[in-house]
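For reference, the structure is listed below as structure tokens.
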Number of protein chains: 2
Amino acid sequence: MHNKAGRIASIENDKPSLVGTESERPESRKRDMIIRAGAETFMEQGFEAASMDEVARRAGVSKATIYSHFESKHALFGAIVNGRCQAMIPKITAAALDDQPPAEALRSTGRSFLDLILSPGPLSLYRTVLAEAPRFPELGRNFYDAGPNLVAQALADYLARQHALGVLDVPTPRLSAEQFFGMVLGHAHLRMLLGIDGTPPGADERDRIVERAVQTFLHGVTKR
Amino acid sequence: MHNKAGRIASIENDKPSLVGTESERPESRKRDMIIRAGAETFMEQGFEAASMDEVARRAGVSKATIYSHFESKHALFGAIVNGRCQAMIPKITAAALDDQPPAEALRSTGRSFLDLILSPGPLSLYRTVLAEAPRFPELGRNFYDAGPNLVAQALADYLARQHALGVLDVPTPRLSAEQFFGMVLGHAHLRMLLGIDGTPPGADERDRIVERAVQTFLHGVTKR
DNA sequence: GTCTATAAAGGGATAGAC
DNA sequence: GTCTATCCCTTTATAGAC
């Protein structure tokens, strides 16, 4: 079915992530194991419910080793979240960066976005970050800046360019970009977050969702 | 400005809520105190972080009393969530129920929706339900059915009527309804969930958000 | 039904050896 | 850096008196 270890595959795309709240030695095999195990555990069980014992067990190290790499449970979680955001964003913004025509740019961006947020890892990440944000203030800010904000701003810049060119009429590009992504989300994201559907919408359904969003965004629903 | 105790005021609108996963005697003063205190505590601290000791303290009862009314911490949380959903939905659906013209219906529905989801109680409820859904399966389903689903379906029915009347062109009313609410959400909801902005958007900003969503939804952004 | 007191378990974090 | 062993605290849930 799905990729067995796929949910944590993206963690070591670039360098082993220099992302903690304080700087740490990037080169460490055990450190990577801890990050991988931590990501898995936090995403499956949530931050509070996850125990450092479990993380240690999955990483194949002792708890003391974890605490030699990360100051606290919160610091470990923060490092994981930052690493994930950096790994996941680029492919979404790509489409809008080279100036394709509106329909294509929106379709491509929307589909990439939908694919991302419906995949198991990001879904769990989103849920866990939201849950902890009120008791871990910098986490929310970091996540937003490194994730949703970057994506929205890339589309906003694209819309602003199309507006300047006279192709589209978008007086508030940032707001419209956020609203476009909101359309693509619809309830699909919420239903997955709530565990309503065991499986996410398939490729055909995603096409329908994105196509409908693009058409409405570009032309509206008023009968012509 | 806002109601000081408003975040927990809606809990006792109808009867004292006959909503637990199993049926319970509705008439109980202490039971109400427990529900109120539980709602407060879970929303502030999240499900895992909240302790039954804290709930007992705020309710002015002993822990043993709580366990005499609710089988477990999960059962208490479930009862709270169900009660909240029932109290908060009606005012949103009202606008679409009597068939106003599209612009007015969308504006009114969108604004009521935005006001609801940006207020402290629902915001915390949403966050906590999301966090617990994967480990508390029926909770997610109950919440969706009693909350988002009802709201979306009310608007979907309205859009379907307008489509039948030839006023709007909405071949997929349920999808479009979900997408309209997604537009209104934009990033405002996310930013509040993440604690990015200390205070929610004011009345003027909300007007801008809703107006932009309505205009785009009805007419699109393509230059005419 | 309601209380006090406590059982029973699990958690984050650390000491000290190597 | 890494391990084993453990401290110390909090938690859910319950026993037993009233």
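All chains are named by letter (A, B, ...) in the order of the sequence lines, taking the proteins before the strands, and each is independently numbered beginning at 1. Just so it is clear, the model here is predicted, and its values are computed rather than measured.
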Inset, instruction - Only one of Phe181(B), Phe180(B), Tyr144(B) passes ring-ring contact (aromatic ring centres under 6.0 Å, His included) with His187(A); say which it is. - result: Tyr144(B)
Legend entry - Contacts of type salt bridge (charged side-chain N to carboxylate O under 4.0 Å, His left out), residue Arg58(A), not counting sequence neighbours: Glu40(A), Glu44(A), Glu54(A)
Inset, instruction - State, without any angle test, whether Asn149(A) and Arg191(B) hold a side-chain donor-acceptor pair at a distance under 3.5 Å. - result: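 No.
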Legend entry - Pair Gln86(A), Asn82(A): side-chain N/O donor-acceptor within cut-off below 3.5 Å: no
Round to a whole Å and report the spacing from [atom1] of [X] to [atom2] of [N].
X        : N       : atom1 : atom2 : answer
Glu71(B) : dT12(D) : CD    : C1'   : 14 Å
Met52(B) : dA9(C)  : CE    : P     : 19 Å
Phe70(B) : dA13(D) : CZ    : P     : 14 Å
Asp53(B) : dT14(D) : CG    : P     : 14 Å
Glu48(B) : dT10(D) : CD    : C1'   : 13 Å
Tyr67(A) : dG16(C) : OH    : C1'   : 18 Å
Lys73(A) : dG10(C) : NZ    : P     : 15 Å
Asp32(B) : dG1(C)  : CG    : P     : 13 Å

Using a cut-off of under 3.5 Å, enumerate the N/O to N/O pairs linking the protein to nucleotides 2-6 of chain C.
from: dT2(C); atom 1: OP2; to: His69(B); atom 2: NE2; distance (Å): 3.1
from: dT2(C); atom 1: O3'; to: Lys30(B); atom 2: NZ; distance (Å): 3.4
from: dC3(C); atom 1: OP2; to: Ser62(B); atom 2: N; distance (Å): 2.8
from: dC3(C); atom 1: OP2; to: Ser62(B); atom 2: OG; distance (Å): 3.1
from: dC3(C); atom 1: OP2; to: Thr65(B); atom 2: OG1; distance (Å): 2.4

Inset, instruction - Applying side-chain hydrogen bond (donor to acceptor under 3.5 Å, both in side chains), name anything that partners Asp115(B), two or more places apart in sequence or on another chain. - result: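 Applying side-chain hydrogen bond (donor to acceptor under 3.5 Å, both in side chains) to Asp115(B) gives Arg111(B), Arg206(B).
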Inset, instruction - Pick base, sugar-phosphate or nothing for Ala50(B), based on heavy-atom distances below 4.0 Å to the nucleic acid. - result: sugar-phosphate
Inset, instruction - Using modelled atom types only, decide if a donor and an acceptor are shared between the side chain of Arg84(B) and the backbone of Pro122(B) within a distance under 3.5 Å. - result: no
